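To start, the structure under review is shown below, and the notes come after it.
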Amino acid sequence: MPPEQSARRNIDKMLEAAGWHIQNYAERDTDAALGVAVREYPLANGQRADYLLFVSGLAVGFIEAKKEGTTLSGAAQQASRDRANIPAGLPTQQGCPFVYTSTGIETYFQDAREPNSRTRLVFAFHTPDTLQDILQSVSLRQRLKDNLPLLEEGDLRKCQFEAINNLEDSLKEARPRALIQMATGSGKTYLAVSSVYRLIKFAQVKRVLFLVDRRNLGKQTHSEFQAYTTPDDGRKFTDLYNVQHLSSNIINDANAVCITTIQRLYSMLKGEPVYESDDDEEGSAFEQETEDTIPQKVIYNPNIPIDTFDLVIVDECHRSIYGKWRHVLEYFDAFIIGLTATPYPQTRNFFNQNLVYEYRHQQAIEDNVNVGYYVYRIKTEITQSGSHI
């Protein structure tokens, strides 16, 4: 099979999995389903769009198909040119703003309505329902840029205040990944909860995924959300928003925050109805692998669309997220924020060298946030000379 034909076959499968109805141009009926993808649609310049996407009978976007190995940045420019050649009289929603470029293996997405619009890598195509919802509201990146009010320091430590400000600056610039390095004990979780509250309340972030290393750390994180008193409202976070510490493989649509381990998340994406054992979540997923660990394969799960979460926070992110679990983290079309006290070089690479804040242990001691320590060497006769049993 020619490479481009193979790519289109894979794209067809991806579209069908995401709920799109596929048609050839000759048989087109754009009202046949909520989402219809029409192949080889003629454009005003005499060219043909590989796929033209319709939602509720109105054109909303394009897909440019390329053979595997193609550099998709150039293909994105071609797809954007297609937007300028929409046939006269064709009904569209907001000028047909969505552009995908795909090889069937790798896919990029762009929303032309966003400020400083740029392409981003996505695991799969969005569902027709998702694009419908996006079109009916201001884009998340626009809300992040416009809606976040000035942060007041209040009860925040100086390091937490500075970290949140820097993180929000990164989000306003639509940088997809951000890393915060803070010494253990300096309040990373409280910082994260404070930031999540602002992002949900003011930027209308739909849902946040909070990934922890072990199940017992998930319980502690849940307790932090329960104990958090909102600075402007005075009520507890959980009085305002639902927070779920996953004990099953079902995500409740009403939840604003979901807390889980990456092991359970992987189980959910595989479509397993229940997780095998809570004991499996007690061992650190981030420490149980070696440099040659084989990455876990992830396939699209139509019950968990890629837009399920707007934001993913990875607590205590270590080397393994770039090996065994990398594909799990990259499944969602979401901003990824990492929290760690000791970033490895792989950590910085995964987060595109976007270290938004750095607060080391020595600085925490100098600020009286952490307590220093002394090392005592204790000598005994046995430790010095040995003994016999």
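Just so it is clear, the structure is predicted and the values come from calculations on it, not from any experiment.
The backbone N or O of A192 sits nowhere less than 3.5 Å from a side-chain atom of S195 that would complete a donor-acceptor pair. No donor-acceptor pair under 3.5 Å is formed between the side chain of D111 and the backbone N or O of F98. Checking side-chain atoms of T127 against main-chain N and O of A18 turns up no donor-acceptor pair under 3.5 Å. At distances below 3.5 Å, not a single donor-acceptor pair connects side-chain atoms of E358 with backbone N or O atoms of L355. Under a 3.5 Å cut-off, the side chain of Q94 and the backbone N or O of L135 do form a donor-acceptor pair. Distance alone, capped at 3.5 Å, places no donor-acceptor pair between the E366 side chain and the H361 backbone.
A donor and an acceptor atom, one from each side chain of Y190 and Q160, are nowhere located under 3.5 Å apart. Side-chain polar atoms of D232 and Y197 form a donor-acceptor pair below 3.5 angstrom.
No single ILVMFWY cluster, assembled from side-chain heavy atoms under 4.5 Å apart, contains both V138 and V55. When hydrophobic clusters are built by joining Ile, Leu, Val, Met, Phe, Trp and Tyr residues whose side-chain heavy atoms come closer than 4.5 Å, directly or via intermediates, L15 is not grouped with L52. No path of Ile, Leu, Val, Met, Phe, Trp and Tyr side chains, each step under 4.5 Å between heavy atoms, connects V369 with I365, placing them in separate hydrophobic clusters. In the hydrophobic clustering of ILVMFWY residues, with side-chain heavy atoms under 4.5 Å counting as a link, Y51 and L131 come out together. Hydrophobic clustering (ILVMFWY, side-chain heavy atoms < 4.5 Å, transitive): L217 and Y228 are in one cluster.
Ring planes of F109 and Y100: tilted class, angle from 30 to 60°.
Residue T308 holds its OG1 atom at 12.0 Å from CG of N255, rounded to the nearest 0.5 Å.
R48 pairs by the salt bridge (charged side-chain N to carboxylate O under 4.0 Å, His left out) definition with nothing, not counting sequence neighbours. With sequence neighbours excluded, the residues satisfying side chain to side chain donor-acceptor pair (under 3.5 Å) with R39 are D12, N24.
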(request) Evaluate the side-chain contact (heavy atoms from CB on, under 4.5 Å) criterion for residues I105 and N10: first the C-alpha distance (whole Å), next the side-chain angles of each, then the deciding distance (0.1 Å), finally the verdict. (result) CA-CA 8 Å; I105 303 297; N10 290 337; 4.2 Å; yes

(message) Please determine whether side-chain contact (heavy atoms from CB on, under 4.5 Å) holds for the pair R215 and R264, giving the CA-CA distance in whole Å, both sets of side-chain angles, and the decisive distance to 0.1 Å.
(response) CA-CA 10 Å; R215 180 169 175 77; R264 182 180 290 277; 4.2 Å; yes

(request) Take D367 and R157 through the test salt bridge (charged side-chain N to carboxylate O under 4.0 Å, His left out) and record every step on the way to the result. (result) CA-CA 10 Å; D367 293 343; R157 293 170 178 163; over 6 Å; no

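Residue R360 places its CZ atom among 12 or fewer non-hydrogen atoms of other residues, nucleotides or ligands, all under 6.0 Å distant. More than 12 heavy atoms of other shown residues, nucleotides or ligands fall within 6.0 angstrom of atom NZ in K201.
Contact check for F237 versus V196: side-chain heavy atoms found under the 4.5 Å cut-off. Contact check for V212 versus T260: no side-chain heavy atoms found under the 4.5 Å cut-off. Between T119 and L72 there is no side-chain heavy-atom pair separated by less than 4.5 Å.
The aromatic ring centroids of F125 and W20 lie 6.0 Å or more from each other.
Because its NZ or CZ atom is both nearer than 6.0 Å to the ring centre of F350 and within 45° of the ring axis, R177 counts as a cation-pi partner of that residue.
Under the ring pair (Phe, Tyr, Trp, His ring centres under 6.0 Å) criterion, no residue pair touches residues 136-182, with sequence neighbours excluded.
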